[in-house]
Protein chains: 2
Amino acid sequence: MEDEIKNYLSRYIPITNELEEELSKIEFIQSYKKGTILLEEGKISNECYFIIKGCIRSFFIKEGEERTTEFYTEEQAVIPSAYGMKVPSEYYVECIEDTIAGVGTPELELEMYQKFPQIESLNRALGEVIMAKYQDTFAEFKMASPEERYLSLLKNRPDLIQRAPQHQIASYLGIKPESLSRIRKRIMK
Amino acid sequence: MEDEIKNYLSRYIPITNELEEELSKIEFIQSYKKGTILLEEGKISNECYFIIKGCIRSFFIKEGEERTTEFYTEEQAVIPSAYGMKVPSEYYVECIEDTIAGVGTPELELEMYQKFPQIESLNRALGEVIMAKYQDTFAEFKMASPEERYLSLLKNRPDLIQRAPQHQIASYLGIKPESLSRIRKRIMK
DNA sequence: CCAAAACGTTGACTTAAGTTAAGAAATACA
DNA sequence: TGTATTTCTTAACTTAAGTCAACGTTTTGG
């Protein structure tokens, strides 16, 4: 079970026996059923996730409508905006498939960082890479029309279009479900 | 000159004499004239900046048009997407005002992190906070109309509207200059 | 297995952004 | 200071997204 996490880390840092043992001790693998709410609006966020199998989305509710802000799939880290802060979350986090994930908490992280400083270095470096990618995604999003955004999603994350319902994809693209339906029709020619 | 950086850091970690001395030794303060290009598309990015005074924007060129992706002002860190990677930058970085900034390089950073591990911890933590904010910004952007985006910018970064030319603001909002002009007219009633 | 709910498509209409073009206003700099 | 260049505004027109409403399709759960 923990193999996926070990495997993932081993691409970036050497896994010593000591680290391996620590990982098997403190990493907490959980299974969640589709529909499980991992974080509710207004609650304090004390968990982050590393997805081994499944799909998680974050969303918020505005004017009675769900607005999907992100989809996370295998090998991605789900770190709620409010994670580790003492402020209530503005977002919901939900499993949209049966999901298996490693669960982290600020306390576990701190313990880990103290024992294995190279894990903190790795997290800093990875964080910078993820930030850079995210900036690129935002830049592309800004400049693209809704149709281009859909085509780009189709190209970059084709699996999502199968895995998530269309109205969630629509709000992820910043458009209404009716518009997405028309875009799809238009594209099919 | 280095006071601004010391001052900024001191909000998060204690500044020891040793650290202070180090800062004054290795921090490299530079002045740039308005219009200076700090990074060109296609070049390797080896510098990041901490703005003491002035304004920097990043942009790229698509279909012959400049698309502004971000504006950075006092106390903000400018870290190009390609910074420290060995790949050519897709973006330009330009001073749109006379600017004074602390300049960092991957080598300086590494040296710093080795001597003062708490700086790396700080950077990891700050990085997470910045990432969380950025996610919120993106989420808000997605769901807002161009007019709402402009109103939000007016509320959250009113100085930018004075400091940057309108066509740069327009592309930052993901719209055409003509549209921004009409939005402004509409708002003024 | 069936009924209810959730989800997706379509149509008619409204609205605002894109496009193109022209000209006014502001700015740069020789 | 005056001219060239850049920036901003306006107008007429096109296009696609939002809105509202209806209806067909799929999924869910008792």
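A, B, ... follow the sequence lines: proteins, then strands. Residue 1 opens every chain. These numbers were taken from a predicted model, which means no experiment stands behind them.
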- Comparing B:Gly174 and B:Lys34 on DNA chain C - which has the more 5′ nearest nucleotide: B:Gly174
- Please report, rounded to the nearest Å, how far the P atom of C:dT27 is from the CD atom of B:Gln168. 14 Å
- Write down the distance between CD1 (B:Ile175) and P (D:dA17), rounded to a whole number of angstrom. 17 Å
- Query: Per the ring-ring contact (aromatic ring centres under 6.0 Å, His included) rule, which among A:Tyr72, A:Tyr150, A:Phe71 passes with A:Tyr172?
  - Reply: A:Phe71
- For the pair made of CD1 in A:Ile96 and C1' in D:dT27, what is the distance, rounded to whole Å? 15 Å
- Taking the six-membered ring of A:Phe138, is the NZ or CZ of A:Lys142 close enough (under 6.0 Å from the centre) and on axis enough (within 45°)? yes
- NZ of B:Lys176 versus P of C:dA21: gap in Å, rounded? 16 Å
- Please tell me which of the listed nucleotides, C:dA16, D:dT7, D:dT28, lies nearest to the side chain of B:Arg186? C:dA16
- Item | Rounded distance (Å) that lies between atom C1' of C:dA16 and atom OH of B:Tyr150 | 17 Å
- B:Lys62 with B:Glu41: basic N within carboxylate O range, under 4.0 Å: no
- For the side chain of B:Gln166, counting heavy atoms from C-beta on, which of D:dC8, C:dA16, C:dA12 is nearest? D:dC8
- Query: Of the nucleotides D:dT28, C:dT10, D:dT7, which one has an atom closest to the side chain of A:Lys185?
  - Reply: C:dT10
- Query: Could you state the CE-P distance from B:Met143 to D:dA17, rounded to the nearest angstrom?
  - Reply: 16 Å
- Task: Please determine, for the side chain of A:Ser181, which listed nucleotide (D:dT7, C:dT20, C:dT9) has the closest atom?
- Result: C:dT9
- Any side-chain donor-acceptor pair under 3.5 Å between B:Glu47 and B:Tyr49? yes
- Compute whether any side-chain donor of one residue and acceptor of the other, for A:Tyr92 and A:Glu66, lie under 3.5 angstrom apart. no
- Query: Atom CZ of B:Arg182 and atom P of D:dA12: how far apart are they, to the nearest Å?
  - Reply: 12 Å
- Item | Atom-to-atom span, CD of B:Glu178 to C1' of C:dA17 - whole angstrom | 10 Å
- Message: On the nucleotide D:dC8, are OP1 or OP2 found under 4.0 Å from the side-chain N or O atoms that B:His167 carries?
- Response: yes
